[in-house]
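Here's the structure, in structure tokens; my notes come after.
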Amino acid sequence: MADPRGFMTTPRQDWPRRPVEERVRDWDEVYVPGALLPIISKQADRCMDCGIPFCHEACPLGNLIPEWNDLVSRDDWRRASDRLHATNNFPEFTGRLCPAPCEAGCVLAINQPAVTIKNVECAIADRAWEEGLAPPRPPDRLSGRTVAVIGSGPTGLAAAQQLTRAGHTVAVYERDDRLGGLMRYGIPEFKMEKHHLERRLEQMRAEGTKFRASTAVGRDIEAAELRARYDAVVLATGATAWRELDVPGRELRGVQQAMEYLPLANRVCEGDLETSPLSAAGKHVVIVGGGDTGADCLGTAVREGAASVTQLDIYAQPGAERDEDTDPWPTYPRIYRLSAAHEEARELGTAPAADADARLFAASTLRFTGDADGRVRSLHLVEVDARRRPRPGTGRALPADLVLLALGFSGPDRTDGLVDQLGLELNARGTIARDASFATNVPGVFAAGDAARGQSLIVWAIAEGRAVAAAVDRHLTGSSRLPAPIGPYDRPMAV
């Protein structure tokens with residue numbers, strides 16, 4: 001604890017964002033480049049080095065947060081990087097994309113703004129790359145065992161890197177033409193520029209991990225054939241089966257799933273397309289769903305030049321402070337948060353019919369109506385109470401040329417045949433069933449990440465990848481020294 005009074009003398013200061021008018025004209029990350037490092041040492045000083053650091057329990061990775069906070073406050077970046085990478089394979093991903101449950105569990109957050117843990121994490125990761133503190137770590141010797149990992153999202157990549165470093169020969173299969181899963185085509189460039197992903201992939205290649213893109217297991221290669229090739233298989237395909245909205249007018253053209261819309265915008269940034277076939281340019285856009293994916297659609301539509309953008313959230317607007325009865329510390333609270341996309345919508349006034357930041361809270365979609373050509377033209381909604389019951393007399397219509405459904409995901413996509421070809425058992429939630437060792441009902445086949453856990457956060461995805469790697473290593477060799485931060489039945493802290 002470099003400064004015992006830091007939490008009393010230094011106010012919280014977050015990584016500043018670029019001006020809205022500037023950042024909505026490009027796809028670069030929203031933060032001011034280079035503005036984090038000058039402030040981060042003093043922010044790390046705010047950490048109280050608690051006797052019982054609840055931030056550890058709030059983070060499924062078990063990140064050693066007080067340790068690397070102390071090292072950053074002393075400008076010891078090498079050791080800080082070592083401590084950070086000891087528990088997290090990809091801190092530059094989590095430092096940008098994670099909602100930071102660790103900060104909700106910060107002891108300082110009981111009555112003050114929490115330590116900027118997420119910003120400190122990102123600063124360490126970026127500094128590590130700048131100073132060459134994250135070199136490839138190939139194994140000293142090979143085990144002679146082979147593993148196939150299906151899926152190159154954060155779970156698959158974490159599992160592959162851990163198993164490669166343990167000495168196994170690992171091949172990662174990805175059905176898309178580029179690696180990264182939802183980090184590649186689901187996360188907009190303004191939240192995480194893809195060079196961060198490319199850098200990690202190059203590190204993994206240098207360590208010995210093999211990658212097979214544009215290969216859908218179950219379609220391009222039979223699942224049983226792949227199983228026969230390898231000593232073990234890890235299923236990390238994600239939960240990509242999107243939830244539907246069964247209301248009249250769903251069949252109209254222009255009513256699209258968010259994950260039909262976002263990948264096209266990302267492909268424009270990759271240079272594959274000049275413009276997106278689903279571009280929001282000049283259109284009245286309504287986003288159904290109040291989560292992070294909806295916010296990603298919001299920021300994307302603003303950058304594409306939408307005439308208006310409104311986001312519907314079926315939940316009531318939360319308060320600015322934690323409700324100690326429903327969300328007591330150190331659980332992750334449901335409070336009003338202003339993402340970069342909502343800040344942009346608020347300043348630009350993208351949704352005249354909505355609240356200040358483009359969101360309509362406690363709003364439920366009733367139906368869509370279209371024109372004679374079968375194209376959507378309006379969305380009809382009604383206000384609802386806490387039980388989602390309509391409030392009489394609150395119905396209204398919003399103009400809508402493009403409707404984006406951001407309602408989350410229900411489980412793994414079964415259209416490629418992988419689940420059925422292997423004969424995998426599913427649980428009542430529709431995700432892949434597994435035992436306490438992450439093993440499925442098929443010998444030698446393991447399941448991890450959203451495909452088995454259900455839709456979750458990136459920190460849980462990486463933790464699942466690290467844990468399943470330890471289980472596979474134990475299966476192949478009889479024991480394992482790889483860390484297993486979570487079990488398959490662990491869940492976030494809740495009341």
Side-chain angles (χ1 to χ4, degrees), residues 60-61 88-99 147-164 170-189 191-194 196-205 209-218 233-242 258-259 262-263 266-267 270 291-293 296 408-416 418-419 431-432 434 438 446-469 472 485-486 488:
L61 286 165
N88 188 349
N89 296 70
F90 314 122
E92 67 274 30
F93 302 168
T94 53
R96 289 170 168 82
L97 304 178
C98 180
V147 183
V149 176
I150 306 175
S152 67
T155 296
L157 292 181
Q161 185 166 62
Q162 292 294 95
L163 288 166
T164 297
V170 181
V172 178
Y173 289 80
E174 169 57 52
R175 65 181 179 179
D176 282 327
D177 58 338
R178 291 186 179 89
L179 303 164
L182 287 181
M183 291 188 297
R184 172 71 67 181
Y185 290 128
I187 299 296
E189 193 85 359
K191 285 184 70 174
M192 187 182 80
E193 295 173 8
K194 299 307 180 282
H196 299 293
L197 177 58
E198 294 293 350
R199 193 164 49 187
R200 278 294 175 188
L201 293 171
E202 285 306 309
Q203 179 197 51
M204 293 179 66
R205 288 188 180 97
T209 302
K210 310 298 181 186
F211 293 101
R212 307 282 186 265
S214 301
T215 306
V217 179
V233 174
V234 175
L235 305 177
T237 56
T240 55
W242 50 60
M259 292 312 300
L262 290 172
N266 275 304
R267 286 191 177 278
E270 293 279 6
D292 288 343
T293 301
D296 293 345
F409 306 91
S410 59
D413 183 5
R414 299 181 62 177
T415 59
D416 55 19
L418 171 62
V419 170
T431 56
I432 299 172
R434 56 187 180 174
F438 293 86
F446 298 78
D450 290 2
R453 174 173 291 275
Q455 184 180 352
S456 191
L457 305 177
I458 187 171
V459 278
W460 282 92
I462 296 173
E464 286 255 339
R466 290 171 67 85
V468 77
V472 172
I486 60 171

Any donor and acceptor pair, going by atom type alone, linking the side chain of [X] with main-chain N or O of [Y] inside 3.5 Å?
X: Ser410; Y: Ala241; result: yes
X: Arg434; Y: Pro488; result: yes
X: Thr164; Y: Gln162; result: no

Side chains of [X] and [Y] in contact at under 4.5 Å (non-hydrogen atoms):
X: Trp460; Y: Ile486; result: yes
X: Asp177; Y: Glu270; result: no
X: Asn266; Y: Arg184; result: no
X: Met183; Y: Ile458; result: yes
X: Leu197; Y: Leu157; result: yes
X: Val234; Y: Val170; result: no
X: Val217; Y: Asp416; result: no
X: Val459; Y: Asn88; result: no

**OP:** Apply the test side chain to side chain contact (heavy atoms under 4.5 Å, CB included) to residues Leu235 and Leu418: give CA-CA distance (whole Å), side-chain angles for both, the deciding distance (0.1 Å), then the verdict.
**Re:** CA-CA 10 Å; Leu235 305 177; Leu418 171 62; 4.1 Å; yes
Subject >> Test side chain to side chain contact (heavy atoms under 4.5 Å, CB included) applied to Asp413 and Arg175, step by step >> reply: CA-CA 12 Å; Asp413 183 5; Arg175 65 181 179 179; 3.3 Å; yes
Considering all heavy atoms of both residues, which atom of [X] and which atom of [Y] are nearest to each other, and what is their separation?
X: Pro412; Y: Thr237; result: CB-OG1, 4.2 Å
X: Val468; Y: Ala159; result: CG1-CB, 3.8 Å
X: Ala461; Y: Pro154; result: CB-CG, 3.8 Å
X: Gly186; Y: Leu262; result: O-CD1, 3.6 Å
X: Trp242; Y: Phe409; result: CA-CD2, 3.8 Å
X: Pro485; Y: Pro60; result: CB-O, 3.4 Å

Original post:
Quick one: side-chain hydrogen bond (donor to acceptor under 3.5 Å, both in side chains) partners of Arg96, sequence neighbours excluded?
Top reply: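 Applying side-chain hydrogen bond (donor to acceptor under 3.5 Å, both in side chains) to Arg96 gives Glu29, Asp126, His196.
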**OP:** Tell me, yes or no, whether the heavy-atom count around Lys194 atom NZ, taken from other residues, nucleotides or ligands under 6.0 Å, exceeds 12.
**Re:**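 Counting neighbours around NZ of Lys194, more than 12 heavy atoms of other residues, nucleotides or ligands fall under 6.0 Å, so yes.
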**OP:** Kindly write out the residues that satisfy side chain to side chain contact (heavy atoms under 4.5 Å, CB included) with Glu174, not counting sequence neighbours, or none if the list is empty.
**Re:**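 Side chain to side chain contact (heavy atoms under 4.5 Å, CB included) list for Glu174, sorted by chain: Ser152, Asp176, Leu179.
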Original post:
Looking at residues at least two apart in the chain, or sitting in another chain, which of them share a side chain to side chain contact (heavy atoms under 4.5 Å, CB included) with Ala236?
Top reply: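 Only Thr155 meet the side chain to side chain contact (heavy atoms under 4.5 Å, CB included) criterion with Ala236.
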Distance in Å, [X] [atom1] paired with [Y] [atom2], rounded so as to fall on 0.5 Å steps:
X: Ile150; Y: Arg212; atom1: CD1; atom2: CZ; value: 13.0 Å
X: Arg414; Y: Thr240; atom1: CZ; atom2: OG1; value: 12.5 Å
X: Thr431; Y: Arg453; atom1: OG1; atom2: CZ; value: 10.0 Å
X: Arg205; Y: Leu201; atom1: CZ; atom2: CG; value: 5.5 Å

**OP:** Give the C-alpha distance, both sets of side-chain angles, the deciding distance and a yes or no for side chain to side chain contact (heavy atoms under 4.5 Å, CB included) between Arg200 and Asn89.
**Re:** CA-CA 9 Å; Arg200 278 294 175 188; Asn89 296 70; over 6 Å; no
Original post:
For Tyr185, is the NZ or CZ atom of Arg267 found under 6.0 angstrom from the centre of its six-membered ring and inside 45 degrees of the ring axis?
Top reply: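 Verdict for Tyr185: a cation-pi partner in Arg267.
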**OP:** Give the C-alpha distance, both sets of side-chain angles, the deciding distance and a yes or no for salt bridge (charged side-chain N to carboxylate O under 4.0 Å, His left out) between Arg199 and Glu92.
**Re:** CA-CA 10 Å; Arg199 193 164 49 187; Glu92 67 274 30; 5.1 Å; no
